[in-house]
Amino acid sequence: VGPSFGWDEPTPAKPKVAHIKLAGEMSEGTISADSPRAEKDLHFVRERLAKAAADKAVLAVFLDLAGLECGFGLLDELRDAVSGLRKAGKKVVAFSSSGESRDILVGLEADEFWMPESAWMMLIGVRSEVYFYKEIFDLLGVKADFLKVGDFKSAIEPYTRTSLSEPARRQMAEMLDDFFNEAIVGGILRARPAGKATAARVKAAIDKAPLSARDALEAGLLDKVGYRHEARERALQLAGKDATMVEDYEKKKTPEIDFSNPFSLLKALSPPKAKPGKDPRIAVVYAVGQIDTGKSGVGLMGSKVGSDTIIEAIRQAEEDATVKAIVLRVDSPGGSALASDLIWAELKRCKKPVIASMGDVAASGGYYISMAARRIVAEPSTITGSIGVFGGKLAYGPVLEKAGLRTEVISRGANAGVLNSGKPFSDSEREAMTKLIEETYRQFLSKAVEGRKLAGKADFTVDKLSPLAGGRVWTGRQALANGLVDELGTLDRAILLARDQTDLPKDKVPEVLRLPKAGSMLDSLIDFDLGLSGSIGKVQADWLMGALSPEFRRASPLARIVPSFVGRASSLLFYATLEGH
C-alpha cells in the first residue's frame with residue numbers, strides 16, 4: 001500500500017439529544033458552579049440551554065419538566081431561552097407529569113409538549129389571598145401602629161385593617177389582569193401562533209381546569225398524550241438516525257465530599273478560586289433578596305442584600321480595569337431605605353455605564369437602587385414600582401402584661417420610647433415619625449425623577465411621577481407604558497445594552513464577571529441569619545412569618561414578597577400575596 005497524499009475526511013459527529021431537567025424552585029445569584037444549587041440557578045440553566053443551541057451536534061432537546069417553581073419574571077427568562085433553542089434550529093420536545101402551570105407555560109414553548117394520560121393539567125389561573133391579623137391582634141391586645149405615604153402602599157393593611165382598601169384592591173386586580181391576560185393567555189398564544197388555540201379557547205380551557213391530559217389535548221394546550229419514555233423516543237426520532245441521548249447535558253458536577261478526610265472537607269468549605277480576568281468584560285452585580293444594611297447572607301427569611309456587600313462589589317467592578325460596564329441585576333422587594341440609598345449613591349459614583357436589569361421583583365427599595373442606572377430593562381412580568389414609604393411597630397405591651405410581665409420605665413427625652421414595642425406612638429413620636437417618612441418619600445420621588453431624566457426622559461417631573469407612585473406596583477409591561485422602565489427584555493439583553501455603552505465589539509457577546517463573588521459553604525454557615533437580630537420590629541415580623549401557612553410561602557408571583565417590619569421610618573417594602581397555580 002503506497003503512501004497517502006491528502007486529508008482524511010473527519011467523521012461526522014453522531015447527532016445528539018440534549019436532556020435538560022427543570023425542577024423545583026428556580027433562583028439566581030452568584031453561587032459557584034460546583035454548588036449543589038447550581039442546577040436550579042437561572043444563570044447556569046440558561047448557560048446549558050445556550051450551549052445546546054450552539055452545539056452543532058445537538059439536533060434536538062428533551063426538556064424534562066418536573067414541578068418548576070419561579071415567579072413570572074424568571075419564567076419570562078426561561079421561556080425566552082427555550083424559544084431561542086427553536087430559533088437556533090433545534091427540535092424541542094418537552095414532557096411534564098406534574099401539570100403545574102410553570103411546566104405548562106415553558107412546555108408550550110417547545111415544538112411538542114407531552115403529558116401522560118393520567119396527569120392533570122393545573123392551569124387554573126391566578127389567585128390572590130391576603131391574610132388579615134387585626135382581629136387576632138385585637139384579641140391579644142397587640143396594637144399595629146404604622147405610618148405610611150401613598151394610598152397604594154398596602155404592606156401594612158393585613159395588620160391594621162380587616163379587608164383591603166379600595167386602592168389596594170384595585171392595584172391587585174389590575175396586576176392579576178396583566179398576569180392572566182399577558183403572561184398566561186398572551187404567552188400561550190405567542191408561543192403557538194399557528195396553532196388552533198385562540199384567546200377565547202385558552203380562557204375557556206382555564207375556566208374548565210383542572211383538565212385531564214386528553215381534554216388539554218382537545219383544547220390545544222397539549223401536543224401529545226404519552227409517557228416519558230415515549231417523549232424521549234420522539235426527541236431521538238426528531239434528531240435523526242443513530243441519535244443518542246446526552247443525560248443531564250452540561251450539568252455542573254458537584255464534587256463528592258469524603259467526610260472521613262479532613263482535607264476533603266476543608267477543600268469543600270474553602271471559597272472557590274476566582275479566575276483573574278484578562279479580556280474586557282461586563283460585571284453583573286446581583287442584588288437578590290431583601291435589602292438591609294451590613295453584609296449579604298441567607299437566613300430563615302430568605303436571601304438578604306447587604307449594602308456593605310453590594311457596595312464592595314460595585315467598587316470592585318469600578319476599579320477592575322477589565323470591566324467596561326456594570327449591569328445591576330435586581331430581584332428584590334425592597335427593605336431598608338438607608339441601605340437602598342447607600343447602594344444608590346455608590347452606583348451614582350460609578351464612572352462606568354450602569355444598566356439595571358429587573359428579575360421577578362424590583363419593587364420599592366428594589367426600584368430605588370435601579371434608579372441610578374442609565375437605562376432600566378425589566379422582564380415583561382417583573383413586579384416593580386411601589387414608590388412609597390412606611391414605618392412603624394407592633395405594640396404588644398398588653399400581651400406581656402397578661403402573661404404577668406410588668407415594666408417600669410424612667411426616660412429622658414420626649415421621644416425616647418419611639419422604638420419601644422410596649423406602647424403605640426405618643427403624639428410627639430408620631431409627629432417625628434411622620435416627618436421622617438414624608439422626607440424619605442420626598443427623597444424617593446426626587447431621585448426617581450433624576451433617574452428618569454438620566455435615562456433620557458427629560459419631561460419627567462415630580463408632578464408626572466406622583467400619580468404613578470404612592471406605593472403603587474406595576475408589571476414590567478405596565479411600567480414601560482408609564483415610563484418607569486425603558487425596555488422589556490432579559491438579563492442577556494441588558495448585558496448587550498451595557499456592551500453598547502462601551503467600545504467593546506458590537507458583534508460579540510462579552511465575557512461576564514458575576515459579583516459579589518460566590519462564597520464558600522463555610523461562609524454560608526457563618527452568615528446564616530436566624531432573623532433574630534436587629535430591631536424588635538424585625539423579630540416580630542419573623543415570628544409572624546413562621547406562623548404563616550405553607551400556601552402563603554409558595555413560590556408564586558408575589559408570594560415571595562414577604563413582610564418585614566423594621567422599627568424605623570426607613571422601611572421600604574411592598575407586600576402582597578398572590579398564589580399562581
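As the structure is a prediction and not an experimental result, all values here were calculated from the model.
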Are any of the side-chain nitrogens in [X] or [Y] under 4.0 Å away from the carboxylate oxygens of its partner?
X      : Y      : value
Arg472 : Asp151 : no
Lys134 : Asp138 : yes
Arg442 : Glu438 : no
Arg430 : Asp145 : yes

| request: Look at the aromatic rings of Tyr159 and Phe137 and report parallel, tilted or perpendicular, splitting at 30° and 60°. | output: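 Geometry flag for Phe137 against Tyr159: parallel rings.
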
| request: Just say parallel, tilted or perpendicular for the rings of Tyr368 and Trp344, cut-offs at 30° and 60°. | output: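 Perpendicular: the ring planes of Tyr368 and Trp344 meet at over 60°.
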
| Could you go step by step and tell me if Lys148 and Ile437 meet the side-chain contact (heavy atoms from CB on, under 4.5 Å) rule? | CA-CA 7 Å; Lys148 67 172 183 174; Ile437 290 175; 5.8 Å; no

| Test item: Lys348 side-chain N/O and Ala372 main-chain N/O as donor-acceptor pair under 3.5 Å | no

| Are Glu439 and Gln443 close enough that a side-chain donor and a side-chain acceptor fall under 3.5 Å? |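 Side-chain D/A pair, Glu439 to Gln443: present.
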
| task | Establish, from distance only, whether the side-chain atoms of Ser165 and Glu157 form a donor-acceptor pair under 3.5 Å. | result | yes

| request: Measure from NZ or CZ of Arg514 to the centre of the six-membered ring of Phe44, then state whether that distance is under 6.0 Å and the direction lies within 45° of the axis. | output: yes

| field | Cation-pi, Phe72 ring and Arg102 (6.0 angstrom, 45 degrees) | value |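 Flagged: Arg102 positioned over aromatic ring of Phe72.
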
| said: One pair to check against side-chain contact (heavy atoms from CB on, under 4.5 Å): Thr475 and Phe179. What are the steps and the verdict? | reply: CA-CA 8 Å; Thr475 66; Phe179 282 134; 4.3 Å; yes

